[in-house]
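Have a look at the structure below, then the notes.
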Amino acid sequence: MEPKRIREGYLVKRGSVFNTWKPMWVVLLEDGIEFYKKKSDSSPKGMIPLKGSTLTSPCQDFGKRMFVFKITTKKQQDHFFQAAFLEERDGWVRDIKKAIKCIEGGQKFARKSTRRSIRLPETIDLGAMYLSMKDTEKGIRELNLEKDKKIFNHCFTGNCVIDWLLSNQSVRNRQEGLMIASSLLNEGYLQPAGDLSKNAVDGTAENPFLDNPDAFYYFPDSGFFCEENSSDEDIILKEEFRGVIIKQGCLLKQGHRRKNWKVRKFILREDPAYLHYYDPAGGEDPLGAIHLRGCVVTSVESNPDGKKSEEENLFEIITAHEVHYFLQAATPKERTEWIKAIQVASRTGK
């Protein structure tokens, strides 16, 4: 029986021989980590066993290179991975730590069973509740919150969640609301943002969720991002970099000249609406920018040459100046999320 896949996606990995950083398709299994040169490869380039391994995060061995974590195997071999942004790194770190803990305890990896551990009533439908919470008119309002000189975008507080559950008559009291909110958190419908809420999730408290105005949370597909608060002395940014970041991550992009596909880190900003793309292995300056105002973005079922494509989850951006960009997401869900986010930015951003 094959080990269960826990998480997969693009990460940048440091080579063990030449010490170069290259994007890889990484798969976390119950007993190890496989990494592939391309997602479509049938066999991995390497495998890291998790039994006896330790994880270090954040790893600050490489100066300006951010969002790095290190896995040290039982044989004292170090493997370094870099995520595209903070929340992505934290997600990988949490799952890898849990996988290692499960191996040590002789347990199978499983997301917390909230119905067993918290005795959630069978009548509660967490999926339906999550959709209600995200309703643009009657749901929880997403805000930009500031704490410790950091701005948390598309976020809300713990006590706001409990308030909403009470006002929506989903619970009878705050204690019951805490039970439901903890269930939503454990099932991945809510994510912790900031040290206070993250420490509660990683700790041993009875309830991992905090009914607290200083504990921040976000919806996993909301475009949440945390950024440092700039001061008046900062250099004024170029106009195209002033927009708030609403989504980011790695995608495959087709080159305009050679038509080859490469992994690029994309950052989507609104007002002004720009999609910047970077070399995920390094470099602070973007390789290019796509001005999204007035663009058209659609899914594509065949490759740019008109033939039926072996590559899945393609989509195309056609700018107002009729420049065509072909991109590929890792999953159908990810493609849909990017298309929707770009469509919103193209309509609202200048």
> Do you know which two heavy atoms are closest between M47 and P49, and how far apart they sit?
Replying inline: O-CD, 3.7 Å
>> Quick check: do M129 and S170 have side-chain heavy atoms less than 4.5 Å from each other?
In response: yes
> In the single-linkage hydrophobic clustering (I, L, V, M, F, W, Y; side-chain heavy atoms under 4.5 Å), do L178 and M133 co-cluster?
Replying inline: yes
>> Under the rule for side chain to side chain donor-acceptor pair (under 3.5 Å), what residues qualify as partners of E142, not counting sequence neighbours?
In response: none
> For the residue pair A99 and L50, what are the closest heavy atoms and their distance?
Replying inline: CB-CD1, 3.9 Å
>> Among F156, Y189, F209, F152, exactly one meets ring pair (Phe, Tyr, Trp, His ring centres under 6.0 Å) together with Y217. Which residue is that?
In response: F209
>> Between T73 and Q77 (side chain of the first, backbone of the second, donor and acceptor by atom type, cut-off under 3.5 Å), is there such a pair?
In response: yes
> Going through the checks in order, is the side chain to side chain contact (heavy atoms under 4.5 Å, CB included) test met by R65 and W21?
Replying inline: CA-CA 11 Å; R65 195 172 283 274; W21 293 79; 3.4 Å; yes
> Is any side-chain heavy atom of L292 less than 4.5 Å from a side-chain heavy atom of I317?
Replying inline: yes
>> How close do F85 and Q248 get, counting heavy atoms only, and between which atoms?
In response: CE2-O, 3.3 Å
>> Can you tell me how far apart CD1 (I48) and NZ (K13) are? Round to the nearest 0.5 Å.
In response: 5.5 Å
> Should the pair K51-D31 be classified as a salt bridge under the 4.0 Å nitrogen-to-oxygen rule?
Replying inline: no
>> Please report the interatomic distance SG(C295) to NE2(H324), rounded to the nearest 0.5 Å.
In response: 12.0 Å
> Which distance, rounded to the nearest 0.5 Å, do you find between the CD of Q343 and the CZ of R347?
Replying inline: 6.0 Å
>> Quick one, I339 and T298 - any side-chain contact, counting heavy atoms below 4.5 Å?
In response: no
>> So that I know where these two stand, are F219 and H154 an aromatic pair - ring centroids less than 6.0 Å apart?
In response: no
>> With clusters defined by side-chain heavy atoms of hydrophobic residues (ILVMFWY) lying less than 4.5 Å apart, directly or transitively, does V201 cluster with I162?
In response: yes
> Between L251 and R264, is any pair of side-chain heavy atoms under 4.5 Å apart?
Replying inline: no
>> Students often mix this up, so state it plainly: with edges at 30° and 60°, are the rings of Y274 and H276 parallel, tilted or perpendicular?
In response: parallel
> Of all heavy-atom pairs between A128 and D125, which one has the smallest distance, and what is that distance?
Replying inline: N-OD1, 3.1 Å
>> Does K97, at its NZ atom, have more than 12 non-hydrogen atoms belonging to other residues, nucleotides or ligands within less than 6.0 Å?
In response: no
>> Test your reading of the model: is there a side-chain donor-acceptor pair from D41 to the backbone of K38, 3.5 Å cut-off?
In response: yes
> With side chains defined as the heavy atoms from C-beta onward, is the minimum distance between E8 and V26 less than 4.5 Å?
Replying inline: no
>> Using modelled atom types and a 3.5 Å cut-off, is there a donor and acceptor pairing between side-chain atoms of R335 and backbone atoms of Q328?
In response: no
> Given the rule in the side chain to side chain contact (heavy atoms under 4.5 Å, CB included) test, do R5 and L29 qualify, once you have shown the distances and angles that lead to the verdict?
Replying inline: CA-CA 5 Å; R5 289 189 172 208; L29 305 170; 3.7 Å; yes
> What's the shortest heavy-atom distance between V93 and S57, and which atoms?
Replying inline: CG2-OG, 3.5 Å
>> Could you go through T157 and D214, starting from their C-alpha distance and side-chain angles, then the distance that decides it, and tell me whether this counts as side chain to side chain contact (heavy atoms under 4.5 Å, CB included)?
In response: CA-CA 7 Å; T157 64; D214 292 322; over 6 Å; no
>> Assess the residue pair M24 and K45 against the criterion (side chain to side chain contact (heavy atoms under 4.5 Å, CB included)); give the C-alpha distance rounded to whole Å, side-chain angles, the decisive distance to 0.1 Å, and a yes or no.
In response: CA-CA 9 Å; M24 296 278 179; K45 190 176 179 183; 3.8 Å; yes
> What do you reckon, is CE of M66 surrounded by more than 12 foreign heavy atoms closer than 6.0 Å?
Replying inline: no
> Roughly how far, to the nearest 0.5 Å, is the CZ atom of F241 from the CZ atom of R269?
Replying inline: 6.0 Å
> Y278 and F266: aromatic ring centres closer than 6.0 Å?
Replying inline: no
>> Using 0.5 Å steps for rounding, measure from the SG atom of C155 to the CG atom of N144.
In response: 8.5 Å
> Y325 versus I318: any side-chain heavy-atom pair under 4.5 Å?
Replying inline: no
> In Å, rounded to the nearest 0.5 Å, how long is the span from CZ of F216 to CG of L190?
Replying inline: 15.0 Å
>> Taking the cut-offs as 6.0 angstrom to the six-membered ring centre and 45 degrees off its axis, would you call K253 and W261 a cation-pi pair?
In response: no
> Is there side-chain contact between I71 and T54, with at least one heavy-atom pair below 4.5 Å?
Replying inline: no
> Is the distance between the ring centroids of Y10 and W25 less than 6.0 Å?
Replying inline: yes
>> Let me check something: do L165 and L210 share a hydrophobic cluster, defined by ILVMFWY side-chain heavy atoms less than 4.5 Å apart, either directly or through other members?
In response: yes
>> Does this structure show an ion pair linking K150 with E146, if we count only N-O contacts that are shorter than 4.0 Å?
In response: no
> Considering all heavy atoms of both residues, which atom of A345 and which atom of A273 are nearest to each other, and what is their separation?
Replying inline: O-CB, 3.3 Å
> Donor-acceptor pair, T331 side chain versus E334 backbone, under 3.5 Å?
Replying inline: yes
> Which is it for R14 and D78 under the salt bridge (charged side-chain N to carboxylate O under 4.0 Å, His left out) test, yes or no, and what are the steps along the way?
Replying inline: CA-CA 10 Å; R14 184 175 186 254; D78 290 335; over 6 Å; no
> Are the charged groups of K265 and D279 less than 4.0 angstrom apart, N to O?
Replying inline: no
> In terms of hydrophobic clustering (I, L, V, M, F, W, Y; side-chain heavy atoms under 4.5 Å; direct or indirect links), are L131 and V171 co-clustered?
Replying inline: yes
> Should we say atom CG of D195 is surrounded by more than 12 heavy atoms from elsewhere, each under 6.0 Å from it?
Replying inline: no
> Any side-chain heavy-atom pair from F35 and V27 closer than 4.5 angstrom?
Replying inline: no
> Given the rule that I, L, V, M, F, W and Y join up when any side-chain heavy atoms are under 4.5 Å apart, are F315 and F326 in one cluster?
Replying inline: no
